[in-house]
There are 2 protein chains.
Amino acid sequence: MEPQPAYNHVHQETVQRVNEIMPGEEELFDLAELFKVFGDSTRIRILYVLFESDMCVCGIAELLGMTQSAISHQLAVLKKAKLVRYRREGKTIFYSLSDDHVRTILDQGMEHIEE
Amino acid sequence: MEPQPAYNHVHQETVQRVNEIMPGEEELFDLAELFKVFGDSTRIRILYVLFESDMCVCGIAELLGMTQSAISHQLAVLKKAKLVRYRREGKTIFYSLSDDHVRTILDQGMEHIEE
DNA sequence: CTTTCATATGAGCAACTGTTCATATGTATT
DNA sequence: AATACATATGAACAGTTGCTCATATGAAAG
């Protein structure tokens with residue numbers, strides 16, 4: 001038997017309900033990792049650019065007035081989170097959004113800050 | 001006249017469309033700040049607890065197996081982002097969710113990581 | 001007013017993050 | 001093969017973050 005915590009301040013019923021809906025450790029970790037990706041304005045700006053058009057790395061860099069290296073590093077983060085896809089065309093690599101959750105999440109965030 | 005960047009890799013038309021939809025500097029900053037708040041699994045766990053019930057600080061601490069101080073610090077972050085409200089009842093302070101965007105944002109994030 | 005319980009807060013520290021700089025990889029052209 | 005262009009990547013550095021520990025604030029009870 002595991003040692004049971006005391007729960008002096010919480011009803012046992014509430015403890016159970018919370019345990020039922022609380023995501024598992026790995027899901028929580030992944031969820032936090034995902035939102036960390038949205039937690040940087042450079043990455044958000046890249047996503048807004050890709051809303052309008054697929055674009056190559058140096059195109060994004062030009063548009064945002066940042067170095068190719070900085071953009072490439074951030075694209076690697078977005079890629080790892082599966083928020084963007086890419087395809088190669090000759091020397092150039094074009095990045096694009098990978099799904100619609102990106103837009104929904106950013107829209108909801110925007111709604112929240114605009115109250 | 002501002003010096004105009006070259007835009008060798010991006011069509012002028014795309015530049016204009018992006019400039020139209022790109023949020024302003026302050027909005028971008030606030031949006032990133034908001035998502036940073038969601039980018040920590042302790043804070044996410046607190047939010048999941050509050051989905052089920054309003055709760056005092058030491059109740060949350062008990063439920064999550066963390067110190068009162070750690071939870072209090074994180075509640076301050078959530079409070080600053082206006083994701084939680086609080087009310088005092090005697091010595092105790094009860095925290096609760098402040099609006100529905102929290103749930104929508106977390107749900108969308110969960111949908112994304114579960115593909 | 002002193003004690004007790006609940007909560008908040010500041011300093012400190014280890015871990016992490018975003019940019020820059022230098023350099024490597026990869027593709028096409030000559 | 002040599003060059004040029006597009007992109008990726010590793011090291012380094014300053015700035016930030018989340019926890020702990022000690023302490024402060026605030027409200028109720030004795």
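Chain A is the first sequence line, chain B the second, and so forth, proteins listed ahead of strands; every chain is numbered from 1. Note that these values count all heavy atoms, side chains included, but never hydrogens, waters or copies made by symmetry.
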Novice: Could you check whether the rings of Tyr48(B) and Phe51(B) sit parallel, tilted or perpendicular, using 30° and 60° as the cut-offs?
Specialist: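 If you compare the ring of Tyr48(B) with that of Phe51(B), the planes turn out perpendicular.
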Novice: Got a donor-acceptor contact below 3.5 angstrom from the Gln74(B) side chain to the Thr42(B) backbone?
Specialist: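 Side chain of Gln74(B) to backbone of Thr42(B), a donor-acceptor pair under 3.5 Å: no, none is there.
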Novice: Decide if atom NZ of Lys82(B) counts as having more than 12 heavy atoms of other residues, nucleotides or ligands within a radius under 6.0 Å.
Specialist: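 No, because the 6.0 Å sphere around NZ of Lys82(B) holds 12 heavy atoms or fewer from other groups.
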Novice: How close or far is atom P of dG18(D) from atom CD1 of Ile44(B), stated in whole angstroms?
Specialist: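 Between P of dG18(D) and CD1 of Ile44(B): 11 Å.
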Novice: Report the residue (Tyr95(B) or Lys91(B)) whose heavy-atom-nearest nucleotide on DNA chain C is the more 5′ of the two.
Specialist: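 Checking each residue's closest nucleotide, the 5'-ward one belongs to Lys91(B).
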Novice: Is there aromatic stacking of His73(B) against dC19(D), centre distance under 5.5 Å, plane angle under 30°?
Specialist: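 No; by the centre-distance and plane-angle rule, His73(B) does not count as stacking on dC19(D).
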Novice: Using atom CE of Met66(A) as one end and atom P of dT7(D) as the other, report the distance to the nearest whole Å.
Specialist: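 Spelled out: CE on Met66(A) to P on dT7(D) is 16 Å.
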Novice: Scan the side chains in residues 105-115 of chain A for donor-acceptor partners under 3.5 Å anywhere in the protein, sequence neighbours excluded, and list what turns up.
Specialist:
from	atom 1	to	atom 2	distance (Å)
Glu111(A)	OE1	His101(B)	NE2	3.1
His112(A)	ND1	Asp99(B)	OD2	3.2
His112(A)	NE2	Ala81(B)	O	3.0

Novice: May I ask you to decide if Ser96(A)'s main-chain N or O and Arg85(A)'s side chain share a donor-acceptor pair within less than 3.5 Å?
Specialist: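 No: the side chain of Arg85(A) does not pair with the backbone of Ser96(A).
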Novice: Under 4.0 Å, heavy atoms only, any strand: does Ser72(A) hit a base, just the sugar-phosphate, or nothing?
Specialist: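 Base contact.
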Novice: Nearest whole Å is fine: how far is dT16(D) C1' from Asp40(A) CG?
Specialist: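 Answer to the nearest Å: 12 Å.
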Novice: Which is the 5'-most and which the 3'-most nucleotide of DNA chain C that has an atom under 4.0 Å from a heavy atom of chain B?
Specialist: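 From 5' to 3', the first and last contacting nucleotides are dC5(C) to dG10(C).
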Novice: Which parts of residues 74-90 of chain A get close to DNA chain C, meaning a heavy atom less than 4.0 angstrom away?
Specialist: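 Only Gln74(A), Arg88(A), Gly90(A) qualify.
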Novice: Is there a side-chain contact between Thr67(B) and the phosphate of dT20(D), meaning an N or O under 4.0 Å from OP1 or OP2?
Specialist: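 For dT20(D), OP1/OP2 do have a side-chain N/O of Thr67(B) under 4.0 Å.
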Novice: Any non-hydrogen side-chain atom of Leu63(B) less than 4.5 Å from a side-chain atom of Met55(B)?
Specialist: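 Answer yes - side chains close enough.
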Novice: Quick one: does Arg43(A)'s side chain have a donor or acceptor within less than 3.5 Å of a partner on Arg45(A)'s backbone?
Specialist: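 No, because the side chain of Arg43(A) does not come within donor-acceptor range (under 3.5 Å) of the backbone of Arg45(A).
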Novice: Would Thr92(B) and Phe94(B) count as a side chain to side chain contact (heavy atoms under 4.5 Å, CB included) if you check the C-alpha gap in whole Å, the side-chain angles of each, and the deciding distance to 0.1 Å?
Specialist: CA-CA 6 Å; Thr92(B) 309; Phe94(B) 286 92; 3.7 Å; yes
